[in-house]
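Keep in mind that the numbers below use all heavy atoms, side chains included, and drop hydrogens, waters and symmetry copies.
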Amino acid sequence: MPNKSRKVNTNMAQNKLPIEIIPFFDGSKEQIENFFTQIKRVAKLNKWDFLTTQAILSARLNGPALTFFSTNPNCKNAKNIDEVETLFYDFFTEKTTEFQRKLNFHNIQYYSGENIKNFAHRLETAAEYMLAQAQTNEAKTITSSIILSKFITSLPLNFQRKLSSKNPSTLKEAIDIAVKMQQNSETHTTCSMLLQPIKTVNSEKDSITQKLDELTNQIANLKTEQKN
């Protein structure tokens with residue numbers, strides 16, 4: 001009778017490790033060591049190159065960790081996973097200063113065409129991490145106004161003008177207005193595309209016929225010139 005245990009172990013050795021083995025990471029310093037141990041282990045056994053490892057790493061991040069990775073150019077420019085790990089350790093352990101957290105927040109940018117809600121979520125996550133060191137309600141209130149200002153000034157100019165005219169008093173209010181503007185803009189773009197004249201088969205045939213006529217005339221002229 002074959003040894004089932006040995007057969008299972010052989011199959012596991014032959015198969016690649018699933019991505020699900022890598023835990024999600026939100027920036028908790030208690031989880032950081034296990035996270036990078038697992039991702040490096042899976043990357044090595046699956047023989048991923050660094051670009052693949054970066055993509056998988058990004059997919060397993062959430063919260064402050066995802067915001068840090070997506071807004072820190074050093075993470076994108078790193079040459080290997082060890083450099084990324086060092087950046088994360090420096091930021092998400094006691095080495096992280098209040099200045100670094102504020103810099104991480106202020107470095108966030110709105111990407112052209114990005115969903116407004118996704119941008120707002122990235123901004124709020126970075127703000128929450130920055131606020132972790134705020135001790136008083138007064139400090140948190142002041143920071144809330146900074147977050148609102150950062151949200152508005154990061155958007156395209158036409159959005160900024162509209163939001164400024166509406167004068168939203170809270171971030172939620174500003175997000176709601178911006179989301180509606182984005183939806184209206186997308187609807188307008190779609191309608192404009194639908195209203196554009198569609199090139200019909202007949203018009204294409206007419207164009208081809210015209211070109212053939214021109215070529216026929218050119219050939220006829222050449223023959224006439226040769227006879228003369």
| In terms of hydrophobic clustering (I, L, V, M, F, W, Y; side-chain heavy atoms under 4.5 Å; direct or indirect links), are Tyr111 and Leu66 co-clustered? | no

| request: Please answer whether the main-chain N or O of Ile32 pairs with a side-chain N or O of Glu85 as donor and acceptor at a distance below 3.5 Å. | output: no

| task | For ring-ring contact (aromatic ring centres under 6.0 Å, His included), just list the numbers for Phe92 and Phe68, CA-CA rounded to whole Å, side-chain angles, deciding distance to a tenth of an Å, and then say yes or no. | result | CA-CA 10 Å; Phe92 290 103; Phe68 173 73; 5.5 Å; yes

| task | With the side chain counted from C-beta on, respond yes when Leu155 and Gln182 share a heavy-atom pair under 4.5 Å apart, and no when they do not. | result | no

| query | Counting heavy atoms not belonging to Lys162, are there more than 12 under 6.0 Å from its NZ? | reply | no

| query | CD/Gln183 to CG/Asn115 distance, rounded to the nearest 0.5 angstrom? | reply | 9.0 Å

| message | Before you tell me yes or no, could you show the steps for Lys29 and Tyr89 under side-chain contact (heavy atoms from CB on, under 4.5 Å), namely the whole-Å CA-CA distance, both residues' side-chain angles and the distance that decides it to 0.1 Å? | response | CA-CA 8 Å; Lys29 63 181 180 181; Tyr89 263 98; over 6 Å; no

| Closest non-hydrogen atom pair, Ile177 against Pro168 | CD1-CB, 4.3 Å

| task | Quick one: pull up CD in Glu124 and CZ in Phe151 and give me the separation to the nearest 0.5 Å. | result | 9.0 Å

| Does any non-hydrogen side-chain atom of Leu87 lie less than 4.5 Å from one of Asp90? | no

| said: Has Asn46 got a side-chain atom pairing as donor or acceptor with Trp48's backbone, closer than 3.5 angstrom? | reply: no

| Are Ile39 and Arg60 close enough that some pair of their side-chain heavy atoms sits under 4.5 Å apart? | no

| query | Any side-chain heavy-atom pair from Met181 and Asn158 closer than 4.5 angstrom? | reply | no

| message | Glu30: which residues meet the side-chain hydrogen bond (donor to acceptor under 3.5 Å, both in side chains) condition with it, sequence neighbours left out? | response | Ser28

| message | Take a 6.0 Å sphere around CD of Glu33 and say whether it holds more than 12 heavy atoms from other residues, nucleotides or ligands. | response | no

| task | Specify the closest pair of heavy atoms between Arg122 and Gln109, including all atoms of both residues, with the distance to one decimal. | result | NH2-O, 2.7 Å

| query | Do Asn34 and Thr37 meet the criterion of a side-chain donor-acceptor pair at a distance under 3.5 Å? | reply | no

| At their closest point, which heavy atom of Thr153 faces which heavy atom of Ser149, and how far apart are they? | OG1-O, 2.8 Å

| field | From OH (Tyr110) to CG (Asn118), nearest 0.5 Å | value | 9.5 Å

| remark: In terms of heavy-atom contacts, Ile116 and Val179 come closest through CG2-CG2, 3.8 Å

| field | Shortest non-hydrogen separation from Ala65 to Gly27 and the atoms involved | value | CB-N, 3.6 Å

| Single-linkage hydrophobic cluster Ile19~Phe24, side-chain heavy atoms < 4.5 angstrom | no

| said: Between Pro23 and Gln31, is there a side-chain heavy-atom distance shorter than 4.5 Å? | reply: no

| query | For atom CD of Gln160, is the number of surrounding heavy atoms from other residues, nucleotides or ligands below 6.0 Å larger than 12? | reply | yes

| Rounded to the nearest 0.5 Å, how far apart are CD1 of Ile108 and CZ of Phe119? | 7.0 Å

| Should we say atom NZ of Lys166 is surrounded by more than 12 heavy atoms from elsewhere, each under 6.0 Å from it? | no

| said: Is any side-chain heavy atom of Leu123 closer than 4.5 Å to one of Ile147? | reply: yes

| field | Note, Leu57 side chain near Ile81 side chain (heavy atom, < 4.5 Å) | value | yes

| query | So is Lys40 actually on top of Phe35's ring, under 6.0 Å and inside 45° of the axis? | reply | no

| Ala78 to Val84 - nearest heavy-atom pair and separation | CB-CG2, 3.6 Å

| request: Only counting residues at least two apart or in another chain, list the ones meeting side-chain hydrogen bond (donor to acceptor under 3.5 Å, both in side chains) with Arg41. | output: Gln38

| remark: One should read off an interatomic distance between Phe36 CZ and Ile22 CD1, to the nearest 0.5 angstrom, of 11.0 Å

| field | Trace of the salt bridge (charged side-chain N to carboxylate O under 4.0 Å, His left out) decision for Asp176 with Lys172 | value | CA-CA 6 Å; Asp176 289 341; Lys172 184 182 181 307; 3.1 Å; yes

| Mind checking whether Phe25 and Phe88 have side chains closer than 4.5 Å, heavy atoms only? | yes

| query | How far does CG of Leu171 sit from CD1 of Ile152, to the nearest 0.5 angstrom? | reply | 8.5 Å

